[in-house]
Amino acid sequence: MNLARLDLNLVVALRALLEERNVTRAGQRVGLSQPAMSAALSRLRRHFGDDLLTRVGGRYELTALGQVLLDRTSTAYDVLERLFSSRADFDPARETREFTLVASDYAVSVFGAELARVVHREAPGIRLRFVQTPPTVADDRATLLSAVDGLLMPHGVISGFPATDLYDDRWVFVLADDHPSLTDGLTRQDLADLPWVTYQRTYDAPAVHQLGMLGVEPRVEVSVDSFHLLPLLVAGTRRIAMVQARLARLLTPSAGVRVAQPPYEAVPLQEALWWHPVHTHDAGHAWLRETAARVGATLPRLHAG
């Protein structure tokens, strides 16, 4: 594929056509006349060797290839938009720009909230958008990172992309304040016997990976896409869950749960901001990374125990 021969304006037209599934509406969306958009559709059909849109009754539907291109075109459009909005200079006090960060509710609570406060003070025209981490984050990292400004994720989940370290954390366990069977601390046998609440799908859960290395297979009763909900689903039950120590410190005072330390040497967590190399030399993104690292360095130290 020789990109030099392609008209990148066709990306704009393709996205509008695939999303609107109507030539007239697609033209209105991007400021083209109906004949001009029809001409763009013809060029796209020749390029892909596919109709992309087919008439079914009184409406258009996407072909199989059109359906495949729908998500890819949106990602490509976002990448191009970020590429051509890059600037050599960046004045945070005057700029108006939105940065999108993929993060779990845990990362937003213990780090993102403070980052947002600093940005509010130092760069009032800057907007932050936090997007929930998808369960498939490790499946197609390049596509995900190319369409956003960064991903808040600890080391060990992804690799091969630039990152800046933010803060440290560690895993602890939470169980009900009135748990009927645990009074002298957790044992490895407890971890195998007790029912579990885990974050995300069972086979993706950090708890499953941690305990799998110890030869323990947790008996999962509930899984949920929110770290904040783990203590609530543990309270008043015999269940147990594994959460980050910084989040446990925020949630346990009002959740009816207590913290228990692991009965093994827990692997420490090093949270980092990951980004796609396409952003590396953008002045605005460099400011975002520097600000994130500065905020991470100001977080209170995490004491043992």
Can you tell me how far [atom2] of [Y] sits from [atom1] of [X], rounded to the nearest 0.5 angstrom?
| X | Y | atom1 | atom2 | answer |
| --- | --- | --- | --- | --- |
| Leu152 | Trp274 | CG | CH2 | 11.5 Å |
| Thr237 | Leu232 | OG1 | CG | 11.0 Å |
| Ser33 | Gln28 | OG | CD | 11.0 Å |
| Leu17 | Arg25 | CG | CZ | 11.0 Å |
| Ser223 | Leu229 | OG | CG | 11.5 Å |
| Leu288 | Phe90 | CG | CZ | 8.5 Å |

Kindly give the heavy-atom pair with the smallest separation between [X] and [Y], and that separation in Å.
| X | Y | answer |
| --- | --- | --- |
| Gly150 | Leu273 | CA-CD1, 3.9 Å |
| Gly256 | Ala235 | O-CB, 4.0 Å |
| Arg238 | His179 | O-NE2, 3.0 Å |
| Ala103 | Phe130 | CB-CD2, 4.3 Å |
| Pro134 | Val102 | CD-CG1, 3.9 Å |
| Ser104 | Thr133 | N-OG1, 3.1 Å |

Please examine the side chains of [Y] and [X], heavy atoms only from C-beta on, and report whether any two atoms are closer than 4.5 Å.
| X | Y | value |
| --- | --- | --- |
| Leu128 | Leu115 | yes |
| Thr198 | Pro218 | no |
| Leu70 | Glu19 | yes |
| Val257 | Leu175 | no |
| Leu14 | Phe48 | yes |
| Leu53 | Leu62 | yes |
| Leu302 | Arg249 | yes |
| Leu44 | His47 | no |

Can you confirm whether more than 12 heavy atoms, excluding those of [X], are under 6.0 Å from its [atom1] atom?
| X | atom1 | answer |
| --- | --- | --- |
| Arg94 | CZ | no |
| Arg72 | CZ | no |
| Glu217 | CD | no |
| His155 | NE2 | yes |

Can any side-chain N or O of [X] pair as donor or acceptor with the backbone N or O of [Y] at less than 3.5 Å?
| X | Y | value |
| --- | --- | --- |
| Arg246 | Val110 | no |
| Asp149 | Leu101 | no |
| Asp169 | Ala245 | yes |
| Arg219 | Asp193 | yes |
| Arg97 | Pro92 | no |
| Gln270 | Tyr167 | yes |
| Asp50 | Leu65 | no |
| Arg21 | Arg59 | no |
| His279 | Val148 | yes |
| Trp196 | Met242 | no |

Query raised in the report: Do Ser109 and Leu247 pass the side chain to side chain contact (heavy atoms under 4.5 Å, CB included) test, and can you show the C-alpha distance, the side-chain angles, and the key distance before you say yes or no?
Result: CA-CA 7 Å; Ser109 295; Leu247 184 62; 4.2 Å; yes
How are the rings of [X] and [Y] set relative to one another: parallel (under 30°), tilted (30 to 60°) or perpendicular (over 60°)?
| X | Y | value |
| --- | --- | --- |
| Phe99 | His285 | perpendicular |
| Phe227 | Tyr199 | parallel |
| His276 | Phe161 | tilted |

Query raised in the report: Does Trp275 share a hydrophobic cluster with Val119, counting links as ILVMFWY side-chain heavy atoms below 4.5 Å and allowing steps through other members?
Result: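 Hydrophobic grouping puts Trp275 apart from Val119.
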Query raised in the report: Is it true that Glu122 and Arg294 make a salt bridge, defined as a side-chain N closer than 4.0 Å to a carboxylate O?
Result: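 Between Arg294 and Glu122 there is a salt bridge, with a charged N closer than 4.0 Å to a carboxylate O.
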Report task. Given side chain to side chain contact (heavy atoms under 4.5 Å, CB included), test Thr252 with Arg258 step by step and report yes or no. Result -> CA-CA 6 Å; Thr252 52; Arg258 59 187 173 93; over 6 Å; no
**Report entry** Test side-chain hydrogen bond (donor to acceptor under 3.5 Å, both in side chains) applied to Asp51 and Thr63, step by step
**Finding:** CA-CA 7 Å; Asp51 284 343; Thr63 64; over 6 Å; no
Report task. For Glu265, check side-chain contact (heavy atoms from CB on, under 4.5 Å) against everything at least two apart and list the hits. Result ->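 Partners of Glu265 under the side-chain contact (heavy atoms from CB on, under 4.5 Å) test: none.
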Requested in this report: Identify, with sequence neighbours excluded, every residue that meets side-chain contact (heavy atoms from CB on, under 4.5 Å) alongside Gln34.
Outcome: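 Only Val23, Thr24, Ser38 meet the side-chain contact (heavy atoms from CB on, under 4.5 Å) criterion with Gln34.
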**Report entry** Candidate pair Gln244 and Glu271, rule side chain to side chain contact (heavy atoms under 4.5 Å, CB included), full reasoning
**Finding:** CA-CA 11 Å; Gln244 302 87 347; Glu271 191 79 6; over 6 Å; no
Report task. Start with the C-alpha gap between Val243 and Val172, add the side-chain angles, then the distance that decides, and say whether side chain to side chain contact (heavy atoms under 4.5 Å, CB included) holds. Result -> CA-CA 6 Å; Val243 302; Val172 296; 4.1 Å; yes
